[in-house]
Every structure is written in structure tokens, then in C-alpha cells.
There are 2 protein chains.
Amino acid sequence: MANLHDVAKAAGVSKATVSRYLNGSLQLPARTAKAIDDAIKRLEYVPNPHARRLSLGRSDTIALVVPDISTPFFATLVAAVETEADSRGLSLALHATLNRPEREATYLDLIRQGHVDGLIFVTNHVANPALAEKLNSAGPCVVVDEDVVGAHVPKLFCDNEQGGYLAGRHLAESGHRHVLFVGGVDQMVSGARRYQGFERGMREVAADDVLIERSRGDYSFEAGREAGRAFISRGRGRPTAIFATSDELVIGLYEALGDSELSIPRDVSIVGFDDVGPLHLFAPPVTAVRQPVRDLGKYALALLLDAEPMTPAPPSNETLLPVTLIERQSVAPPP
Amino acid sequence: MANLHDVAKAAGVSKATVSRYLNGSLQLPARTAKAIDDAIKRLEYVPNPHARRLSLGRSDTIALVVPDISTPFFATLVAAVETEADSRGLSLALHATLNRPEREATYLDLIRQGHVDGLIFVTNHVANPALAEKLNSAGPCVVVDEDVVGAHVPKLFCDNEQGGYLAGRHLAESGHRHVLFVGGVDQMVSGARRYQGFERGMREVAADDVLIERSRGDYSFEAGREAGRAFISRGRGRPTAIFATSDELVIGLYEALGDSELSIPRDVSIVGFDDVGPLHLFAPPVTAVRQPVRDLGKYALALLLDAEPMTPAPPSNETLLPVTLIERQSVAPPP
DNA sequence: AGAATCTAGTAAACCGATTTACTTAACCTG
DNA sequence: CAGGTTAAGTAAATCGGTTTACTAGATTCT
């Protein structure tokens, strides 16, 4: 491959001239410019990215750290970030943590070690103080989707409280008073907020008449299946509706309930959260709170790049994206 | 950040000594080694990746080029490649083409331009001779999932012919004789092979008694919806079963058929392909040929790295991964 | 004792761009 | 025509590793 020196020689000028001409820091008369352009074309010159990065001290690459890539939610998020990165001429280095905390910490080092200029961090489990500390000193990064308590970096979430509220109001308005909230172990901020909103929504309609039970767990298929099995085994006196706070939980619940005598929504109503997968094709189609996942990815990068000057971030600087309730057929009045 | 020079000074040796010690090309007595180790620890030294790459002439990064990231199929593929790359200490640069041919060509330049050491190429549309030519001179790369005719690089596909065969045999054995094959425009190798296998499977059971129609199109939702609408509007005399050759097509078909009077599998049987999404939760659960997508990703990287010596590849060097038929409830005898 | 070998390193040339500070020649101005 | 300005560049340092070829001193061999 031709390098800058080759081009300079072919054009009869010096390296510096070519470099500065290409970067626009030097105005050249038409003849010289043409000589350089011709040499570049003839030699098929392309700047060596590693030399460039070493010299400039930046990589024009950003890292995206996600728990998993293969779930529809994160896949969509990744796609959105990639699109946005590409449109800004940045490369995207993708890293999956599979929720191993030591991996999360390792990947945060990518910034300081110079691999990437910035990092978008997405986690899926309860925050850990050491991680927050590490985030604070990691360099330019933003936290997306799930909060990391104690991290003073720009944050971008969907409006979980509002999502919970919409679900709660909808179930209460459909007549439900005794409901089960599934997912989002207490320490997870997203879960806590969804719960708060959910309770607020229900009470706004039915005041003190509501009884909300909680099935703690993460957002996984398995947690959904387990909640479903536990629900089935309770017999009479069980709640009349379930708010499942992720697509995976909905799927797990559908699987478990599908194996039982219980019918949705005749015996139990269900409201989901995320609405990224093809929930409209399930039997019955799932009523769910839809997260604006593409926007989450798109604005995450904007937030990262605009925040890069590292203004000492105020203790809390969250951006919330609005959510919507998509009504389908998994909700009916209680039996 | 501390650099090699700082470490050398702190340890009282030269840069070369530290570098060679770290790379194992120099044996040192315990005292010197300890001095270096201590200095590294104290200064928190981490090699600068750009300097390293410039010097070594490689990036320890590979690129993955896919049509789209957000579909379950590609998301799973990406996840598998990432896992494998990570376990080998490689970074993954992710690029989505969204099926814009000029993008595909651009991304192939990443190798020659030195951005990455190798590239896994996945396309989703009919091959184009210019692209094949470009692949041949692009450097270390492999083609996965969909063939690019004319490219003489290592290739990895699932066994599309066998997948078609399993579907065809299954439908014929269920009594179907008049069927519709949806997807895989003719020039696409995956589609052609699925069709060949499909025909072979049906004829093996029903010989000359079979009538196979084709609905051409790509593997998209929209093509599925269209095929579904066309199917519905035909009234009597329409095929009794449909082989939809991607998850997206299945979803499109389900959507269209769901809006009609037709019931699956009472009025029409459906066999899908891919089986990556939650097809078991659809109404009714979808019988489908399952692709081993994770293996596709995993072996893709292996193929790339093992093939890197660039042995002048024989005109055809394909690896095929076995597929399986997952029987659920979208197939029944014809009405 | 002199030669050969081994140990423990090192100086300096890369890799290929970027950038600062400087030069040279031409041109203008009063 | 001295002095200043502008145009059109350039030499050389820098980014931070890697690697080759080499050396000074110690040990072993004959």
C-alpha cells in the first residue's frame, strides 16, 4: 500500500504539504493540488488508520457495551447505535457482557486504554458501587436503558414511571383490582420506577381498592416461566391480571400459561413492556407498553458526543424518552 | 497515561528491554523482571493500542458486515460472532449495510485500508458480479449465510437444500400436493437451493403428483404480507400449504392471514424457515426448519482465521451446517 | 591464555501520519 | 529601494510501540 511519502514523492512535494492539503490546513494553487490529487488516485492512496490514530490520539471508534446482543430489545438498540455511528463516520466496537460484572469493568477500560473515544454502557442487573465508581473515572461515556446508581455520567432512559403508569391505569380501568407485578428486582431502578408508576396508575383509578403483589426477578424468559408456574399453582384467589415488565417475561408467561388450563385474557389479563418482538402475532396479541428503542440508541450517541467535553456532570442528568401503550387483546375485564 | 519509555526509565532499563520482556522475546533474571513488573504496576502502564497496531501492522479487530442487525436472525449471528471474537481476544467492528450495494463495497475496503485484519461478509440480496470481484481482491474474508456467486473465498452456509427437502417431505407426507413456495428470488443461491430441496422432498413422496407454485420476492415482512394477500384473494383452487423460507415471511403471512377468514392450519398449512424468533408462541405455533445460527457465527470466525494464510482457495470451498425440522402446529392435512 | 559462547541487555531504525515553526521567493508599498 | 507582507511550501519532531543488529562483560572450553 502506498503511503504519504510515496504520494509526496510522486507529486513532487513534501509529506507535510500533502498532509496539510488533505486536512485543509493549507491552500494550494491549482497545479500543485492537481498533482497531489493525481498521485493519490494513481497510487490508490488511503491514509493508514493506525498511524492516523496514533498521531491524532483518537480512534474515531466508540464502544457499545450491552448485556446481550441476541435479544430483540438489545439487537434493535445496537442497530440504532450503529446507524447513528455510521452516519457520523465512526466505527462501532461491539461488546457483550452477558452480565458478567468483571467483563463490564474490563470493557470500561477501553476508553482509558485508548481503544475507543467513548462508550455507551448498558447493563441489565442491579448496580454495584464499584462499577459506578469505575464509570465515573472511565472517561467519556453514557449510561443507557438501565440506571447505574452512583454514576455521575449522562444517562438516557425511557420513561419507566410513565410506562408503569399507563399499564396500571389501563388495567384498573379494565376493572382489575388485584394484580401481579412481575420483574425488576427492587434494587433495579427501571423496575422500581415501573412499579411506582404502576401503583400510581392503579390508585388514580381505584384509590385504596387495589392490591398489588410482586414477583421479583430479572427480565428473563426463565423468570417469566417461573412467575407463570407460580401463578398457575395458586388456584382461586390469584390476581386477575399481570403486568410483565419485559418482552422476555411476557414470553415466559405465555409459555407457562399455554401449558395450563388458564386462558388469556379470559382468566387472566396481561400487559407487557418493551414491545420490540412480534407480540402482535402471539395468541392472543399482547397489550404492551412500547419503548422507543431506536430513539434510545440514536440519542445515546448524540448524548455521548455532545457530552464529551466532560462538563463536570451534575449529580443527576437524565434524559427520559416517552413511552406509549399499545392496546391489543391480552387484556379483558376480570372473570 | 504512562508509556513504554516511562516504564523503562522507572525500571532502569531501556524501552527495548521492556518491550521484548513483555512480548516474551527476551529472558530476564528475576530482579530485572521484578523491577519492570513493579514499574508497570505502579505506573498503571497499558500499551497504546494504536502504536501497537501501527508497529505490528495489524489491528486484532475483525469486521462483521451484515444487512441488518435488528432482525432476530442477524442479531443472533452477530452475538455468536462477538462471543467467538471475544474469546480469541479480538475486537469486533460491526457494520450494517441495510442492503445498499455501495455500502457493501465500501466496507470491503476496510481490510485493505488496514482497519481490520479480516471480514465476515453477510449479504441478503442477489449477488452482483462487481461485488464478487471486489471480494476476491479484498483480503482475508469469508462469506456467510447467503452465497455471493463468483467469489472465491471460504463460504459457510446452512444446508439449504436439506432444509427445503425436510419441508417438502413433511408437507407431502401430511398429504399436500399443491403448495406455494414463498421467497428467495431465483438468483439467490439460498432460495434456489431451498427450492430444489423442497421439490426433491415432495417428489420423493408424491412423485409426479405435485404442483409447486412460486411467489418470488426477498425474505422480508412485506414480501410475506404481499404473498399472503395474493394467496387470500385467489379463493378456491389455491394451494393447500405454504413453505415460507424465512421468519420474516412467516410473520408477514401470519399477519395477512390473520386479517382474513382463512385459518392456519385448517385452511392452509405453513412451514417456516430459520426459527430464530419465538415462533412457538404464535397462533398456531409454527412448524419450521431451524437454522443453526449460533454455529454459523461461531464457525464463521474459525473459518476466517484458519483461512487467513490465503491459500489460493479452490473455486468452491463451502462448508454446510445441518438443519432440523421443528414440528409444531401449523401443518395439518389439506382441507 | 586465548578463543568461543553465553548473558543481559541496548541503540536506533522502523511503522505512517500530523503539526509546529521556519524558510524562500515574489510581491507590494510609501 | 528598504521594509513588510503574502504565497507556497518544508524539515523535523512527535505519537508509542516493535524489532534487528549489535555490544560489553562474564563464563566456559581447549
Side-chain angles (χ1 to χ4, degrees), chain A residues 1-40 43-61 89 91 109-117, chain B residues 1-40 43-61 89 91 109-117:
Chain A
M1 284 262 14
N3 61 24
L4 201 59
H5 186 239
D6 301 332
V7 173
K9 222 165 38 177
V13 294
S14 76
K15 276 169 52 178
T17 304
V18 180
S19 178
R20 297 189 54 200
Y21 168 64
L22 290 177
N23 300 322
S25 81
L26 182 60
Q27 219 65 344
L28 287 182
R31 300 197 36 167
T32 317
K34 182 165 182 336
I36 295 178
D37 289 338
D38 289 351
I40 288 176
L43 299 174
E44 296 185 347
Y45 168 74
V46 179
N48 179 305
H50 306 312
R52 203 148 185 289
R53 301 206 244 246
L54 174 59
S55 197
L56 290 175
R58 67 176 142 85
S59 58
D60 293 317
T61 299
S91 264
D109 289 330
L110 291 173
I111 310 173
R112 196 152 14 122
Q113 297 178 358
H115 281 95
V116 299
D117 298 339
Chain B
M1 284 260 17
N3 60 26
L4 201 59
H5 186 239
D6 300 333
V7 172
K9 222 165 38 176
V13 294
S14 76
K15 276 169 53 177
T17 304
V18 180
S19 177
R20 296 188 54 199
Y21 168 64
L22 289 177
N23 301 321
S25 82
L26 182 61
Q27 219 65 346
L28 286 182
R31 303 197 35 168
T32 316
K34 182 163 182 335
I36 295 177
D37 289 337
D38 289 351
I40 288 175
L43 299 173
E44 296 186 345
Y45 168 74
V46 179
N48 178 304
H50 306 311
R52 203 152 184 285
R53 290 172 191 177
L54 174 59
S55 197
L56 291 174
R58 67 176 143 85
S59 58
D60 293 318
T61 300
S91 263
D109 289 330
L110 291 173
I111 310 173
R112 198 154 10 128
Q113 297 178 358
H115 281 95
V116 299
D117 298 339

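Atom set for the values below is all heavy atoms of this structure, side chains included, hydrogens, waters and symmetry mates excluded. A, B, ... follow the sequence lines: proteins, then strands. Residue 1 opens every chain.
Comparing B/Ser25 and B/Pro47 against DNA chain D, the residue whose closest nucleotide sits nearer the 5' end is B/Pro47.
We find that CG of B/Asn23 is positioned 17 Å from P of C/dG9, with the value rounded to whole Å. Going from atom CZ of B/Arg31 over to atom C1' of C/dT7 covers 16 Å, rounded to whole Å. Atom NE2 of B/His5 is separated from atom C1' of C/dT10 by 13 Å (rounded to the nearest Å). With rounding to whole Å, B/Asp60 atom CG is found 11 Å from D/dT18 atom P. The separation between B/Leu4 atom CG and C/dA12 atom C1' is 14 Å, rounded to whole Å. The CZ-C1' distance, from B/Arg52 to D/dT19, rounds to 13 Å in whole Å.
Neither side chain, B/Ser59 nor B/Arg53, offers a donor N or O lying under 3.5 Å from an acceptor on the other.
Counting only distance, with no hydrogens or angles, the side chain of B/Asn3 and the backbone of B/His5 share a donor-acceptor pair below 3.5 Å. Checked by atom type and distance alone, the side chain of B/His50 pairs as donor or acceptor with a backbone atom of A/Gly114 at under 3.5 Å. Side chain of B/Asp117 to main chain of B/Asp60: a donor-acceptor pair is present (N/O by atom type, distance under 3.5 Å, no hydrogens or angles).
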>> Run the side chain to side chain contact (heavy atoms under 4.5 Å, CB included) test on A/Ser19 and A/Leu4 for me, step by step, so that the C-alpha distance in whole Å, both residues' side-chain angles and the decisive distance to 0.1 Å come before the verdict.
In response: CA-CA 7 Å; A/Ser19 178; A/Leu4 201 59; 3.8 Å; yes

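Between B/Tyr21 and B/Ala33 the shortest heavy-atom distance is OH-CB, 3.6 Å.
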Tabulate atom names and distances for all N/O pairs under 3.5 angstrom spanning the protein and nucleotides 6-15 of chain D.
unit_1: D/dG9; atom_1: OP2; unit_2: A/Thr32; atom_2: OG1; d: 2.7
unit_1: D/dT10; atom_1: OP2; unit_2: A/Ser14; atom_2: N; d: 2.7
unit_1: D/dT10; atom_1: OP2; unit_2: A/Ser14; atom_2: OG; d: 2.9
unit_1: D/dT10; atom_1: OP2; unit_2: A/Thr17; atom_2: OG1; d: 2.3
unit_1: D/dT10; atom_1: O4; unit_2: A/Arg20; atom_2: NH1; d: 2.9

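The phosphate of C/dA17 (OP1 or OP2) has no side-chain N or O of A/Ser19 nearer than 4.0 angstrom. Contact annotation: A/Tyr21 side-chain N/O to C/dA17 OP1/OP2 distance is not under 4.0 Å.
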